[in-house]
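Values below: all heavy atoms of this structure, side chains included; hydrogens, waters and symmetry mates excluded. Indexing begins at 1, ligand by ligand and atom by atom, following the structure's order.
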Amino acid sequence: MLIDRTRIRKLQDGQSEGEYVLYWMQASQRVEYNLALEFALDLANNHEQPLIVCFCIFPGFPEANLRSYYFMLQGLQEASNQLQNRKIRFVCSIGSPDKIVPAIAEKASFVVFDRGYTSTVQEWRSRVVRKLRAPVFVVEDNVVVPVSVASHKEEYSATTIRKKLMNQLSRYVKEIPQIETEVNALDISVKVEEVKVDDFKPLLKKLALDHSVSPTPVFHGGSKRANALLEEFIKNKLEQYHQWRNDPSKECQSSLSPYIHFGQVSPVFIALEVMKYPGDGTDAFIEELIVRRELAINFVHYNRNYDSIEALPKWAIFTLNEHISDKRPYLYPLKDLESAVTHDRYWNAAQTELLITGKMHNYMRMYWGKKIIEWTESPQSAFDTMIYLNNKYELDGRDPNSYAGVLWCFGKHDRPWKERPIFGKVRYMNSSGLERKFDIDSYVEHVQSTKH
Ligand SMILES: Cc1cc2nc3c(=O)[nH]c(=O)nc-3n(C[C@H](O)[C@H](O)[C@H](O)COP(=O)(O)OP(=O)(O)OC[C@H]3O[C@@H](n4cnc5c(N)ncnc54)[C@H](O)[C@@H]3O)c2cc1C
């Protein structure tokens, strides 16, 4: 097996006398460069058994809504066809994983999980594993460097984790060939109620979920689209990425974050493809894809308070509290922020971009967050507002990056700056910075044009 052993952990021993191997797909919703899938298939081949992949659609997933389910199901539709072509049985069922996975695993000789990092998916995994009798493995393949290999503790900033990650790249950025399926699994029956994902729109109508946020017209879910975006990015944007990635008027980002969030594309595969073209653009991109993203994962993995302002460094908590009574120039209720009707047309454009497309430009996310701190009554209400809007509308929301990104606005992974009202020593941003650095009007015009 070509998968590095540090990506694989045995969660429990057990009886391996079943009829098939089961892979519970959850965080890695893809068929290409899915190391959990390849590991499970290898196990199945070695035991001359078929492989079943199951996916649980759980309508009550915290903060998810029609927009996120729609994108996810577009991806699963594609994955289902690809698994069928590889003679692997795909079982999709509606309900809680701790009911569905154990029911299918009754006849499994081994069970394989992939790996997510937020508390919701960790708790699911612990609940499921307690109900299984077979040996269970977890394969960590949504990071380039496994989180506990990268570091044994919460890192302070990008500076402290960078070298630790970069030193491991030659070990973990590797091609993984697809394994041939030796036992056809397509005819196996299971004892759970299945749903077909080929035509998922009627299914979504029936599900008890928040239907108030519509699917995005801009992003189509699935690995094919992710691969096409990556190809286009390498061809047209990578070379200039270091110069223009921050400029909201240039569209120089890869737009891959929704696909990475749902596991529709592997970060290892992205790194492999991009690193074929060395240069300043590639270095800057690797800094974001690996250093910044895996710093966020390190944070969520090691800090139990990752979804709270308690997770801020002491200096940031202290300075924000010192300025908690400072007069705010504007105080907006949530509904005004949510519907993008503030006095600031740049901010409104960023929020409108989020409402319509499901993805706000990275630089505008920073500006957006900083202004929410300025326009709400306390750091706590600013934090609650940002997490609410981010996780409701961003396709890539509810991710380790969501918490690290929002908390960055309050000083996480940053350093103290010059003291000023409301922010204290937390970094400040203002609209004249946008005007000075970018053709910000063309960003506003571009967002306006997506409204029609
Ligand atoms: C307030 C705020 C909230 C944020 N919320 C999220 C979120 O919910 N989900 C999310 O994925 N990212 C979030 N980010 C980080 C960043 O804005 C997005 O990852 C980036 O805009 C995604 O666009 P892209 O894929 O086109 O990025 P690219 O510039 O093409 O970067 C490629 C990949 O690198 C990673 N990356 C890029 N920038 C960052 C960063 N600053 N921190 C960590 N990883 C990064 C992402 O995985 C991204 O897909 C947030 C940042 C801030 C300031």
For ligand 1, indicate whether the residue [X] contacts it via side chain, backbone, both or neither (heavy-atom separation under 4.0 Å).
{"X": "I260", "value": "side chain"}
{"X": "A296", "value": "neither"}
{"X": "H261", "value": "neither"}
{"X": "E394", "value": "neither"}
{"X": "N390", "value": "side chain"}

Quick check on [X] - does any of its heavy atoms sit under 4.0 Å from an atom of ligand 1?
{"X": "F285", "result": "yes"}
{"X": "M386", "result": "no"}
{"X": "R245", "result": "no"}

If you round to the nearest 0.5 Å, how far is [atom2] of [Y] from [atom1] of [X]?
{"X": "T6", "Y": "E140", "atom1": "OG1", "atom2": "CD", "result": "8.5 Å"}
{"X": "L355", "Y": "M360", "atom1": "CG", "atom2": "CE", "result": "8.0 Å"}
{"X": "S257", "Y": "D399", "atom1": "OG", "atom2": "CG", "result": "8.5 Å"}

**OP:** State yes or no: are the ring centers of F137 and F39 separated by less than 6.0 Å?
**Re:** yes
Original post:
F71 and F262: aromatic ring centres closer than 6.0 Å?
Top reply: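 They qualify: ring centres under 6.0 Å apart.
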Return yes or no for this condition: an N or O of [X] is under 3.5 Å from an N or O of ligand 1.
{"X": "N401", "result": "yes"}
{"X": "D396", "result": "yes"}
{"X": "R398", "result": "no"}
{"X": "S257", "result": "yes"}
{"X": "Y241", "result": "yes"}
{"X": "S402", "result": "yes"}

Quick check on contacts: which atoms of ligand 1 are under 4.0 angstrom from a heavy atom of [X]?
{"X": "C409", "value": "1 (C)"}
{"X": "G397", "value": "8 (O)"}
{"X": "R293", "value": "43 (C), 44 (N), 47 (O)"}

In terms of residue, atom name and distance, what is the protein heavy atom nearest to [atom]?
{"atom": "atom 17 (O) of ligand 1", "result": "N362 OD1, 2.7 Å"}
{"atom": "atom 20 (C) of ligand 1", "result": "Q253 NE2, 3.8 Å"}
{"atom": "atom 38 (N) of ligand 1", "result": "E288 OE1, 3.1 Å"}
{"atom": "atom 42 (N) of ligand 1", "result": "R292 CB, 3.6 Å"}

I want to check a possible cation-pi pair here: [X] against [Y], using under 6.0 Å from ring centre and within 45° of the ring axis as the test.
{"X": "R125", "Y": "F113", "answer": "no"}
{"X": "K371", "Y": "W347", "answer": "no"}
{"X": "R415", "Y": "W417", "answer": "yes"}

Parallel, tilted or perpendicular, judged at 30° and 60°: which one describes the rings of [X] and [Y]?
{"X": "F285", "Y": "F233", "answer": "tilted"}
{"X": "Y443", "Y": "H361", "answer": "perpendicular"}
{"X": "Y33", "Y": "F269", "answer": "tilted"}

Original post:
Just wondering, more than 12 heavy atoms not from K224 lying within 6.0 Å of its NZ?
Top reply: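 It does not: K224 NZ has 12 such atoms or fewer within range.
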Original post:
Are more than 12 heavy atoms from other residues, nucleotides or ligands located less than 6.0 Å from atom NZ of K201?
Top reply: no
**OP:** Counting heavy atoms only, name the option from S255, G405, P258, S254 that's nearest to atom 53 (C) of ligand 1.
**Re:** G405
**OP:** Would you tell me which option among K237, E287, R365 has the nearest heavy-atom contact to atom 18 (C) of ligand 1?
**Re:** R365
**OP:** Taking all heavy atoms of Q77 and all of D199, pick out the closest pair and write down the distance.
**Re:**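 Smallest interatomic distance, heavy atoms only, reads NE2-N, 4.5 Å.
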